[in-house]
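Protein chains get the first letters and strands the later ones, always in sequence-line order, with residue 1 at the start of each.
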Amino acid sequence: MTALDDLRAAVGRAAASLGAQPKAPPTLERPRQAGHGDYATNAAMLLAGALKAPPREIAERLATAMAAELGDALDRAEVAGPGFLNLFLTDAWHGRALAGVLAAGEDYGAGRPEKPERVLVEFVSANPTGPLTAASGRHAAYGDALRRLLRFAGHSVDGEYYFNDAGSQVRKLGLSIQARARGDEPPEDGYQGDYVAELAAEIPEAATAEVEVVTRRGVELVFARIRATLAAYRVEFESFFSEAALYEGEPDAVHRAYARLEEQGRLYRSDGALWLRTTELGDDKDRVLERATGAATYFASDIAYHEHKLERGYDLLIDVLGADHHGYIGRMKVAMAALGADPARLEIPILQFVHVVEGGERASMSKRRGEFITLDDLIAEIGVDAARWFMLARSHDSAVDLDLDLARRQSAENPVYYVQYAHARIASIRRRTQVEPAVEEATALHPSERALVKALLEFPVEAADAAERRAPHRISAYALELAQVFTAFYRDCQIVGEPEEAGRLALAVAAQRTLARSLDLLGITAPEEM
RNA sequence: GCGCCCGUAGCUCAGUGGAUAGAGCGCUCGCCUCCGGAGCGAGAGGUCGCAGGUUCGAAUCCUGCCGGGCGCGCCA
């Protein structure tokens with residue numbers, strides 16, 4: 001329980017004491033206007049209907065009840081506007097609130113769900129046919145941050161990378177490598193990038209060996225590069241899952257999935273193909289699993305893969321996909337239902353595209369033609385921290401433009417450095433003081449100190465919201481705000497050598513920990529010095 | 001035709017029912033005897049795409065339209 005939770009509970013009790021239930025949970029928010037108090041609640045307006053009285057009059061009664069609830073924590077409560085109750089809290093309340101933050105220690109803001117869930121986050125999952133692109137950088141940053149957020153919320157989370165290593169795409173890579181090795185142009189629908197020639201040079205006998213051999217070797221080499229890129233980007237996976245593995249063993253995962261679907265009575269044969277009766281579950285047409293040729297469709301692989309995930313005991317499956325896959329959401333939800341699982345156990349957040357911009361215009365970004373900015377390029381140009389911030393500072397719902405020139409020019413002004421700088425500055429202050437941080441409740445506080453306490457109190461709510469909404473970008477917005485509020489405090493309140501040193505140091509330490517945690521949730525470093 | 005996402009300051013974007021809509025960058029002016037100037041303060045800059053609706057209250061919810069991005073295979 002933070003001081004904010006206590007305050008919220010007090011509002012609830014005060015509202016209940018007036019003899020009616022609010023028509024919605026009352027809000028408790030930090031007003032934008034300085035004159036509107038530390039927190040404001042709309043409880044009176046929500047009670048007006050049930051109590052059949054003007055909101056402002058109810059707010060007056062609520063103010064009296066709040067005074068009784070809060071005692072010396074409340075300086076005064078003012079009725080304002082259409083019926084808001086603005087709460088002005090004392091320095092003692094702020095001091096106790098800060099003490100609570102410090103007492104929580106490194107875990108401040110962490111969630112403790114009654115029933116932690118086992119979650120599998122599948123992300124990146126780029127096919128091993130070329131280097132990771134800047135767009136993969138968005139997926140890697142998002143999936144990794146999501147995993148960190150869910151863990152911080154108290155869940156058990158694994159990250160997995162799924163790749164198609166059996167289909168025609170990897171075969172095209174093999175053919176392209178072989179063509180290069182022979183000095184020919186790659187096939188028209190093959191891969192054209194310079195890396196294909198590099199791969200050809202790294203594979204002895206690439207010109208003469210069987211294409212299967214060249215393909216297998218090419219995939220290994222590409223995967224080695226992908227892993228190296230991910231390691232440089234500080235993204236690790238608990239597992240890599242190969243599509244080919246779904247067709248190994250007896251019975252293989254695909255046939256286990258068929259058996260499961262058969263149990264559910266969802267399969268039938270028609271025109272020589274094996275069909276899944278998805279129309280019964282709301283789809284507009286039934287879907288083929290096995291073609292008349294006997295070859296399984298991708299949909300069959302995907303179903304088998306998800307059945308395999310369920311078999312592994314995960315409560316929640318999260319697939320992070322690109323905007324071009326949004327049509328997949330409905331199909332896979334239907335597939336979950338067909339497997340007899342609750343479709344709500346599968347979530348598919350969609351990341352909008354990263355557009356590469358050159359000279360103010362959107363450039364094409366084709367992996368086949370070799371026209372793309374690689375994630376390695378991006379890291380080399382602006383560094384991992386700035387790249388991850390760039391990818392995570394925006395909602396996953398909005399497309400981002402990546403202009404490498406602009407990114408390079410702006411990287412020095414990237415807000416991530418402002419946040420890191422605030423952290424480093426606190427580290428520096430701590431190196432300069434001999435005093436132990438200690439909250440002194442009786443001390444009068446500067447408005448900037450009170451503002452910083454309130455900013456710190458927002459963190460657990462922000463972290464929980466960001467996890468629930470699968471929205472890491474909220475953490476970057478929060479981190480920037482916290483850094484700004486800290487910097488204002490730093491400007492207004494000398495720490496080292498002042499009588500208030502211990503108390504102000506306590507505030508700085510709480511800010512440092514929270515900044516470090518926020519950056520950690522984004523996979524960004526929190527330097528001691530810069 | 002159907003579906004998903006977006007439209008907020010010059011630019012890039014936050015803001016999923018509260019009061020006078022914010023940040024970063026850019027622009028103008030001011031500030032380095034003071035714990036780290038990667039900074040601080042002040043200012044200019046907005047029909048929140050348009051039109052209706054719900055509500056005490058709408059950038060936010062609902063409907064329709066306009067504009068942009070992306071999808072709707074026995075492709076992968």
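- The side chain of A:Tyr328 contributes no N or O atom lying less than 4.0 Å from OP1 or OP2 of B:C70.
- With ring centers used as reference points, A:Tyr478 lies under 6.0 Å from A:Phe459.
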Can you give one letter per nucleotide of nucleotides 10-23 of chain B, going 5' to 3': B for a protein heavy atom under 4.0 Å from the base, S for sugar-phosphate only, - for none?
--SSSSB-BBB-SS
Dot-bracket pairing map - RNA chain B, Watson-Crick plus G-U, both contacts under 3.5 Å, | cross-strand
((((((((.[[[[.)..(...]]]].(((((.......))))).....[[[[[..)....]]]]])))))))....
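- Note on A:Tyr417: a base of the nucleic acid sits closer than 4.0 angstrom, heavy atoms only.
- Residue A:Tyr490 is classed as a base contact, given a heavy-atom separation below 4.0 Å to a base.
- Between A:Tyr421 and A:Phe486, the ring centre distance reaches or exceeds 6.0 Å.
- A donor N or O paired with an acceptor N or O is found under 3.5 Å between the base of B:G36 and the side-chain atoms of A:Tyr421.
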When you compare the protein's N or O atoms with those of nucleotides 25-31 of chain B, which come within less than 3.5 Å of each other, and at what distance?
none

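- Base orientation at B:C32 is syn, since its O4'-C1' glycosidic dihedral falls within 90° of 0.
- Between the P atoms of B:G43 and B:G24, the separation comes to 14 Å (whole Å).
- Using a 4.0 Å heavy-atom criterion, one finds that A:Ala48 contacts no nucleic acid atom at all.
- Going from the P atom of B:C66 to that of B:C25 covers 39 Å, rounded to whole Å.
- In this structure, A:Thr278 contributes its side chain and A:Lys285 its backbone to a donor-acceptor pair below 3.5 Å.
- Spacing of C1' atoms, B:G57 relative to B:C61, comes out at 13 Å, to the nearest Å.
- B:C75 has no stacking from A:Tyr298 on its base ring, since the centres under 5.5 angstrom apart and planes within 30 degrees of parallel are not both found.
- For B:A59 and B:C13, the C1' atoms lie 14 Å apart once the distance is rounded to whole Å.
- Nucleotides B:G30 and B:A44, compared at atom C1', are 15 Å apart to the nearest Å.
- Taking the ring centroids of A:Phe123 and A:His139, they lie at or beyond the 6.0 Å cut-off.
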Step-by-step side-chain contact (heavy atoms from CB on, under 4.5 Å) determination, A:Ile429 to A:Gln512:
CA-CA 11 Å; A:Ile429 291 168; A:Gln512 186 188 26; over 6 Å; no
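- Salt bridge status for A:Asp283 with A:Arg331: absent, with no side-chain N to carboxylate O gap under 4.0 Å.
- With A:Phe88 as the aromatic partner, A:Arg76 meets the cation-pi criteria of under 6.0 angstrom to the ring centre and within 45 degrees of the ring axis.
- Protein atom CG of A:Asp284 is 17 Å distant from nucleotide atom P of B:G1, rounded to whole Å.
- Figure legend: A:Arg30 and A:Tyr39 shown without cation-pi pairing, the cationic atom not lying both under 6.0 angstrom from the six-membered ring centre and within 45 degrees of its axis.
- Close placement of the A:Phe241 and A:Tyr305 rings is indicated, their centers lying within 6.0 Å of each other.
- With C1' as the reference atom, B:G67 and B:C48 are 16 Å apart, rounded to whole Å.
- Put simply, the side chain of A:Val334 does not reach to within 4.5 Å of the side chain of A:Leu276, judged on heavy atoms.
- Between the side chain of A:Gln352 and the base of B:C6, no donor-acceptor pair under 3.5 Å is found.
- Annotation: cation-pi pair A:Arg266/A:Tyr268 absent, no NZ/CZ under 6.0 Å from the ring centroid and within 45° of its normal.
- Taking atom CG on A:Asp324 and atom P on B:C70, their separation rounds to 10 Å, with Å as the unit.
- A distance below 6.0 Å separates the ring centres of A:Phe223 and A:Phe163.
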